[in-house]
Amino acid sequence: MSLTTFIFGRLSWALLPQNPIAWFGSLFFLSCALAVPLLITKFHYWKPFWNNWLTSLDPKRIGVMYITVAVLMLVRGGIDALLMRTQQATSVGASQGIVTAEHFQQIFSAHGSIMIFFVAMGMLFGLINLVVPLQIGARDVAFPFLNSVSFWLFAAGAVLINCALVIGDFSTAGWLAYPPLSELAYSPTVGVDYWIWALQISGIGSLLGGINFFVTILKMRCKGMTLMKMPMFSWTVLGATWLTAIAFPILTVTLTLLALDRTFGMHFFTAGGGGNMMMYVNLIWAWGHPEVYILVLPAFGVFSEVVPVFSGKKLAGYTSMVYSVIAIVFLSFLVWLHHFFTMGAGADVNAFFGIMTAVIAIPTGVKIFNWLFTMYKGKIRFATPMLWFMGFVVLFTLGGVAGVVMSEPVADYQLHNGLFLVAHFHTMIVSGVLFGYFAGLTYWFPKIFGFSLDEKLGRRAFWLWLFGFILAFGPLYILGLMGATRRIDHYSATLGYQPWFIIAACGAVLIAFGFITQLQQLYVSIKNRHALRDKTGDPWNGRTLEWTIPSPAPFYNFSVEPEVHSRDAFWASKLHNKADVAIRQTSAVAEAVEAEDIVLPRNAWQGLFIGGFAFLFGFGFVWHLWWLVLVGLIGAVTCLLTRVFTDDEKLERVIPAEEVARIEESYRHGHASYSTA
């Protein structure tokens with residue numbers, strides 16, 4: 001190995017972007033990366049940014065950072081979607097569209113990977129961080145430092161996957177990188193390596209985060225809160241984090257084996273070398289289908305909080321909802337093979353997985369009916385969170401029917417490789433995940449930031465998303481039945497596809513306007529935050545513990561540790577007009593209570609640096625910069641050891657009772673803000 005190869009690995013100037021669209025993407029990414037430090041410097045915000053955000057262990061702040069990264073990645077994934085729809089609408093007959101076939105496959109792979117791993121997972125863990133400790137009456141999570149590490153690994157993966165915009169290329173093997181296409185012989189460039197290490201790093205962060213919140217829910221619930229008194233959102237998070245702890249190690253192993261094939265010439269999945277590529281497909285979907293429920297279960301939990309509040313009734317069938325969550329968790333490991341019914345496994349295997357796919361629709365149907373029964377004879381308020389739920393019910397039910405159709409192996413054999421499946425998948429994920437998280441963010445926004453989001457713009461965004469989605473994916477069902485295949489980037493004019501692709505492209509533009517309206521909603525809400533301020537701590541007439549404390553939630557969450565004696569404790573206390581019937585806790589308008597010393601973890605810089613070194617480790621593996629791999633590994637381990645061997649006394653801080661009382665007094669007089677810490 002020459003010195004040049006040792007220092008630069010596979011890096012080369014020839015690997016810079018080679019077309020205008022790629023150049024635009026790289027310049028956009030670099031501009032965003034440079035804008036943040038420049039703005040922080042301009043406003044002299046480095047010290048508070050370091051103390052309040054980069055090194056914070058407050059789960060609420062970590063949650064905000066998760067959601068910020070997820071929104072930025074939604075911009076990237078949305079631009080990819082617009083490029084794909086434009087290409088499919090214009091690349092017909094003699095026209096070749098706006099991108100090459102290879103670039104289209106890169107965009108296709110990046111879009112799927114980003115939307116699942118960095119948008120949906122980012123919003124998932126963002127909401128979990130914001131809400132779960134408040135709902136279960138905890139002041140923190142079980143492992144605060146691990147929570148920081150989880151986020152920074154997630155952020156490192158997000159940065160790494162965007163590096164493909166600047167140098168090199170991205171995978172053309174699809175968002176799950178099936179062999180043999182993802183093997184070195186057919187993907188010799190760095191694209192698949194970027195995919196592997198971005199997902200590996202962020203996936204380890206998700207695994208650690210799942211374990212953390214699983215333990216948090218089991219061990220840190222407030223006094224009196226048994227499992228069957230726990231809010232449904234926390235129940236669904238418990239199910240999702242259990243799935244995360246079980247399923248994500250499968251992803252970690254699968255990506256490791258593929259990396260060994262590509263980097264060190266092993267043959268776990270190369271048929272010519274004695275490997276088995278179908279083993280990869282089984283492994284990736286043994287993780288992949290539980291992943292669908294990891295994403296959708298917390299969204300179901302959001303709806304289970306929103307519907308009772310905006311219907312003015314308790315949740316119908318709480319016990320059946322809990323057992324349906326447990327059933328979904330169990331059954332989610334018994335359906336993975338329906339993703340490849342065409343592999344030739346035989347009638348018995350196909351029949352079993354077809355039946356299981358239909359069976360798992362039953363506990364999901366239980367939830368739909370319970371939500372509808374909750375609304376029955378209720379005093380329904382169609383606020384923005386409730387609108388997101390209504391849109392979800394319509395779209396998710398239609399998508400579920402399409403899923404039951406595809407659970408039949410014979411039908412799936414015809415439909416699986418077509419756009420019918422793409423339409424079904426997006427119907428389930430966008431309506432079942434994104435709509436749920438949008439409802440949750442709108443619902444809990446005043447609790448975290450102290451003011452509500454503008455309702456008028458929120459409603460406008462919802463209708464743009466709803467009609468945009470119908471226009472964008474309704475035609476794909478028709479195209480799938482017409483024979484249009486997945487990943488199609490060019491087709492003959494005689495097939496009659498173009499009118500439907502044009503309608504789909506118009507729908508994608510409407511969705512883009514919906515997202516822009518959400519950004520406008522955020523801007524207007526911040527501008528009018530004083531008028532939209534939540535002065536009560538309970539703007540929606542809520543039912544659970546998070547609405548018993550002021551808005552924005554103090555950094556210590558609860559000045560007095562709560563104690564509950566019933567389900568929906570806060571609602572019960574309001575119903576009986578006696579604060580001691582179901583809950584003992586201060587509210588935003590309550591009289592002063594005797595404060596107590598509170599112990600919380602100190603800020604930690606190690607999580608940020610571990611994420612940075614993990615990025616160097618992954619980038620080094622992508623480009624065969626073995627010295628950088630070593631630097632990243634040693635740096636991450638060193639940061640971890642500095643934390644492990646720090647005295648416990650130095651890891652904690654005590655907030656004196658007098659300080660707590662002062663902060664509570666500032667809330668009662670309306671002087672507190674989100675920066676109170």
Side-chain angles (χ1 to χ4, degrees), residues 59 62-74 77 112-132 141-162 175-177 195-217 236-256 259 283-299 301 329 332-333 429 433-434 437 607-608 610-611 614-615 617-618 636:
I62 290 175
V64 172
M65 291 192 289
Y66 263 115
I67 291 170
T68 301
V69 174
V71 169
L72 293 174
M73 296 301 281
L74 181 58
S113 304
I114 286 170
M115 286 301 197
I116 294 296
F117 288 94
F118 298 103
V119 176
M121 289 298 287
M123 289 191 176
L124 164 70
F125 277 103
L127 268 180
I128 291 174
N129 271 278
L130 294 176
V131 177
V132 167
V141 297
F143 308 111
F145 174 67
L146 191 65
N147 199 25
S148 173
V149 172
S150 300
F151 166 72
W152 288 112
L153 289 177
F154 167 80
V159 174
L160 185 59
I161 203 171
N162 280 292
W175 77 279
L176 286 180
W195 180 85
I196 289 172
W197 291 105
L199 268 59
Q200 185 75 288
I201 292 169
S202 66
I204 292 173
S206 297
L207 173 60
L208 297 177
I211 294 171
N212 192 0
F213 279 96
F214 184 73
V215 176
T216 298
I217 293 172
T236 56
V237 170
L238 183 66
T241 52
W242 188 87
L243 281 175
T244 302
I246 300 299
F248 266 80
I250 302 174
L251 177 67
T252 302
V253 170
T254 307
L255 295 176
T256 300
L283 286 172
I284 202 69
W285 280 116
W287 158 82
H289 208 87
E291 164 69 359
V292 172
Y293 293 101
I294 289 170
L295 296 176
V296 81
L297 276 175
V329 168
S332 68
F333 285 104
I429 294 299
V433 177
L434 272 186
Y437 295 163
L608 169 63
I610 288 173
F615 168 80
F617 179 88

Worksheet item: Hey, what do you get for OG (S202) to CG (L160), rounding to the nearest 0.5 Å?
Response: 9.0 Å
Worksheet item: Would you say the side-chain atoms of W287 pair up with the backbone N or O of P249, donor to acceptor, closer than 3.5 Å?
Response: no
Worksheet entry | Heavy-atom pair with the smallest gap, counting every atom of G607 and V149 | CA-CG2, 4.1 Å
Worksheet item: Just how far is it from atom CG of L74 to atom CE of M115, taken to the nearest 0.5 Å?
Response: 5.0 Å
Item to complete: Determine yes or no for a side-chain-to-main-chain donor-acceptor pair under 3.5 angstrom, with T252 supplying the side chain and F248 the backbone.
Response: yes
Worksheet item: When W152 is tested against each of I62, I610, L608 for side chain to side chain contact (heavy atoms under 4.5 Å, CB included), which residue passes?
Response: L608
Practice prompt. List in chain and number order the residues that pass side-chain contact (heavy atoms from CB on, under 4.5 Å) with A614, two or more places apart in sequence or in another chain; answer none if no residue qualifies.
Written response: L153, I201
Worksheet item: Yes or no on side chain to side chain contact (heavy atoms under 4.5 Å, CB included) for S150 and F125, after CA distance, side-chain angles and deciding distance?
Response: CA-CA 10 Å; S150 300; F125 277 103; over 6 Å; no
Worksheet item: Stepwise, does the side chain to side chain contact (heavy atoms under 4.5 Å, CB included) test hold for Y66 with L127?
Response: CA-CA 9 Å; Y66 263 115; L127 268 180; over 6 Å; no
Worksheet item: What heavy-atom pair brings M121 and S206 nearest, and what distance separates the two atoms?
Response: CE-OG, 3.6 Å
Discussion item. Could you tell me if the side chain of V329 sits less than 4.5 Å from the side chain of Y293, heavy atoms only?
Written reply: no
Practice prompt. Kindly compute the distance separating CD1 (I284) from CG (L255), expressed to the nearest 0.5 Å.
Written response: 5.5 Å
Discussion item. Side chain to side chain contact (heavy atoms under 4.5 Å, CB included), that's the test. Do W285 and L176 meet it? Break it down for me.
Written reply: CA-CA 9 Å; W285 280 116; L176 286 180; 3.2 Å; yes
Item to complete: Looking only at non-hydrogen atoms, find the nearest pair between M73 and V119 and report the distance.
Response: C-CG2, 3.7 Å
Worksheet entry | Among T244, L238, I128, the one residue meeting side chain to side chain contact (heavy atoms under 4.5 Å, CB included) with F213 | I128
Practice prompt. Compute the ring centroids of F118 and F154, then answer whether they are less than 6.0 Å apart.
Written response: yes
Discussion item. If I take atom CG from residue N212 and atom CZ from residue F143, how far apart are they, to the nearest 0.5 angstrom?
Written reply: 6.5 Å
Practice prompt. Could you go through the side chain to side chain contact (heavy atoms under 4.5 Å, CB included) check for L434 and I429 one step at a time?
Written response: CA-CA 7 Å; L434 272 186; I429 294 299; 6.0 Å; no
Worksheet, complete the sentence: All heavy atoms of V215 vs all of A142, minimum pair found to be CG1-CB, 3.8 Å
Discussion item. Are the side chains of F333 and I246 in contact, using a 4.5 Å heavy-atom criterion?
Written reply: yes
Worksheet item: In Å, rounded to the nearest 0.5 Å, how long is the span from CG of N129 to CG of L124?
Response: 9.5 Å
Response to the item:
What one should report as the nearest heavy-atom pair of L199 and S113 is CD1-CB, 4.5 Å
Worksheet item: Do you know the tightest heavy-atom contact between Y437 and A299?
Response: CE2-N, 3.9 Å
Worksheet item: Quick one: are L130 and I67 in side-chain contact, heavy atoms under 4.5 Å?
Response: yes
Discussion item. The criterion is side-chain contact (heavy atoms from CB on, under 4.5 Å); which residues satisfy it with A245, sequence neighbours excluded?
Written reply: I211
Discussion item. Within the 4.5 Å heavy-atom criterion, are L297 and L243 side-chain neighbours or not?
Written reply: yes
Worksheet item: What distance separates T216 OG1 from N147 CG, expressed to the nearest 0.5 Å?
Response: 7.5 Å
